[in-house]
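In what follows, a single structure is set out as structure tokens and then discussed.
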Amino acid sequence: MTVAPLVGLPARAGLVFLLAALVVPMGLVAEQAGPPASPPPGASTDTLQTRADSVRARVLDRVREQTSPAVRDTVGAVPLPPGAPSPQAPPVRPGPGTRPATTGPAAVSLPSGADSVMQALAGLPGFTAATFEGARADYAALDRRLVLWGDPSDAENRIPARFYGQGVRVEADTSVAFDDRSGRVRTQGATLLTPDRGDPVRSRTLIYDVATSRGTALGAETTYAEGGGEWIVRGNLDSVEDGRIYGSRTRFTSDDRPEPNSYFEASELKVIANQILVARSVRLHFSDVPVAWLPFLAQPLHSGRQSGILTPRFSVNDIVRTSGGYQRRISNVGLYWAMSDYSDATLATDWWSGQYTALTGNVRFRWAERFMQGELSARHFWREAGGRDLALSTRNNWEPTERTRLNVSGNYVSNTRLVTQNSLDPRELTSSINSQAGVQQRFDWGSLS
């Protein structure tokens with residue numbers, strides 16, 4: 001069903017208006033029907049007419065006093081008695097964050113099936129269009145509160161309660177209540193919030209402020225894409241805005257099952273759509289068992305390559321040692337630079353207690369249209385016992401034609417024992433100090449290299 005606002009009169013005012021409507025015409029009929037009554041001695045016809053006009057004026061003043069509307073009825077104009085002042089509409093008080101309204105029906109997006117009354121209202125300053133749907137509706141005119149009730153009894157043909165307006169769509173199984181005084185929408189039951197921008201949010205309860213386009217969702221769930229996967233956020237969201245959420249005691253994971261095998265739980269969470277996910281006081285759980293704690297976590301949500309900070313690599317024993325002789329190690333602390341669509345570079349630091357400190361630079365390129373790819377890596381070691389070492393490596397491939405292939409590779413290490421004993425990269429452990437260059441050409445009768 002579609003609900004439209006009604007403008008009416010209070011019960012007392014309606015009763016007074018009805019009595020006045022009966023009294024005044026009866027006086028007019030008494031004056032017109034039958035022969036005129038004999039005037040009292042000494043009274044003239046003008047005097048009687050003046051008294052009758054005075055009585056009617058007092059009655060009309062009383063009617064106008066009791067029936068003075070609180071708002072202007074824009075449906076149609078009611079003829080006023082001669083000499084009566086035109087009622088003035090109260091000034092429109094914009095809510096917090098409300099933008100200046102534009103006039104004209106073309107400036108407001110009207111729902112399908114809008115009648116002439118809605119079109120006329122949308123053309124007035126201070127009015128906006130909204131759509132309400134539900135199985136049943138309760139409207140309290142004095143409180144200016146509308147409650148839409150859904151019918152979730154039939155799972156296949158259920159009728160939810162819906163509210164659409166101000167760039168947001170709210171749908172709930174049980175009810176959607178709209179308070180016109182506060183400009184807030186409150187839902188009960190399974191709720192779906194779909195803003196014009198951003199991802200949908202499911203929750204069991206929602207309180208949404210239409211003027212500020214901001215809400216609070218309890219028992220919420222939403223998803224955010226991250227590269228080839230997505231993050232699923234569950235919990236209480238204190239603030240839900242266009243493309244941005246804030247949460248407390250929330251969980252996020254990449255496992256889409258109702259009971260994920262692993263997840264992160266954060267005391268505070270902030271997510272900016274298509275930009276970044278930031279959490280503070282993060283605990284890693286495996287099947288509800290906490291196994292690690294991080295002071296903060298930042299995860300980019302960009303699509304494609306983006307310059308930024310690399311993810312450091314370390315273990316739990318590197319934070320809390322199980323023995324005094326354990327040597328801590330932290331690696332991959334540095335920056336990533338996306339130079340172009342075909343190349344990138346990294347600069348990272350590696351620290352191993354009692355062994356060395358290393359700085360690694362890497363440049364890579366890949367031009368798929370030209371069938372070219374390669375990399376150049378340089379690593380400099382500063383040993384704890386004194387001395388420096390250098391390691392260089394390069395690998396390059398090019399296919400100028402579908403039958404021709406060129407490759408160049410090289411490795412150099414100033415101290416092979418340092419690399420083989422301390423490196424965790426299998427490419428470094430299996431490489432040798434040599435250089436290679438080759439050409440391979442395929443023919444119809446064979447190949448030559």
Side-chain angles (χ1 to χ4, degrees), residues 226-227 276-278 282 284 292-302 304-367 372-398 407-437:
E226 182 259 333
I276 194 172
L277 181 149
V278 182
V282 183
L284 174 62
W293 175 85
L294 294 174
F296 73 95
L297 185 146
Q299 179 65 37
L301 302 178
H302 298 284
R305 299 181 303 120
Q306 298 289 335
S307 302
I309 301 175
L310 296 174
T311 303
R313 291 196 297 264
F314 56 90
S315 64
V316 178
N317 293 333
D318 294 324
I319 302 175
V320 180
R321 292 190 299 180
T322 57
S323 64
Y326 181 81
Q327 296 176 338
R328 294 186 176 97
R329 182 172 184 176
I330 301 176
S331 60
N332 203 43
V333 180
L335 302 173
Y336 172 80
W337 180 24
M339 295 184 293
S340 66
D341 295 337
Y342 310 104
S343 60
D344 56 19
T346 58
L347 182 64
T349 303
D350 186 5
W351 172 76
W352 196 343
S353 177
Q355 297 294 329
Y356 63 83
T357 300
L359 181 63
T360 304
N362 187 286
V363 178
R364 299 181 303 176
F365 67 92
R366 184 174 183 178
W367 198 351
M372 298 177 63
Q373 61 179 351
E375 64 175 331
L376 174 63
S377 177
R379 194 172 189 184
H380 198 281
F381 296 88
W382 289 269
R383 289 180 289 179
E384 293 287 343
R388 300 180 180 181
D389 297 290
L390 179 65
L392 298 174
S393 65
T394 181
R395 297 178 182 85
N396 303 275
N397 296 309
W398 181 32
N407 61 84
V408 176
S409 63
N411 295 282
Y412 170 78
V413 180
S414 61
N415 189 342
T416 57
R417 173 178 288 184
L418 176 67
V419 176
T420 55
Q421 290 181 352
N422 299 308
S423 178
L424 299 179
D425 190 347
R427 295 176 299 178
E428 293 181 349
L429 295 176
T430 58
S431 62
S432 58
I433 304 177
N434 57 16
S435 300
Q436 296 179 358

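Because the structure is predicted, anything quoted here is derived from the model rather than measured.
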In Å, rounded to the nearest 0.5 Å, how long is the span from OG1 of Thr346 to CG of Leu310? 6.5 Å
Residues that Thr311 engages under side chain to side chain contact (heavy atoms under 4.5 Å, CB included), provided they are two or more places apart: none
Can you list the residues that meet the side chain to side chain donor-acceptor pair (under 3.5 Å) rule with Thr394, with sequence neighbours excluded? Asn396
What side-chain donor-acceptor pairs closer than 3.5 Å can you find for residues 381-392, not counting sequence neighbours?
residue	atom	partner	partner atom	Å
Arg383	NE	Asp389	OD2	3.1

With sequence neighbours left out, write down each residue that passes ring-ring contact (aromatic ring centres under 6.0 Å, His included) with Trp398, or none if nothing qualifies. none
How long is the straight-line distance from CH2 of Trp352 back to OG of Ser331, given to the nearest 0.5 Å? 10.0 Å
Going by the rule ring-ring contact (aromatic ring centres under 6.0 Å, His included), which residues pair with Phe296 if we only count those two or more places apart in sequence or in a different chain? none
For the OG atom of Ser307 and the OH atom of Tyr336, what is their distance to the nearest 0.5 Å? 7.0 Å
If a pair satisfies salt bridge (Lys or Arg N to Asp or Glu O under 4.0 Å) and one of its residues is in residues 343-362, list it, with sequence neighbours excluded. Arg305-Asp344, Arg329-Asp350, Asp344-Arg364, Asp350-Arg379
All heavy atoms of Pro312 vs all of Val333, minimum pair found to be CB-CG2, 4.1 Å
How about Tyr342 and Trp367: do any of their side-chain heavy atoms sit closer than 4.5 Å? yes
Taken to the nearest 0.5 Å, the spacing of Ser353 OG from Tyr326 OH works out to 10.0 Å
Does Leu376 reach the side chain of Arg395, with side-chain heavy atoms less than 4.5 Å apart? no
Quick one, Val408 and Gln436 - any side-chain contact, counting heavy atoms below 4.5 Å? no
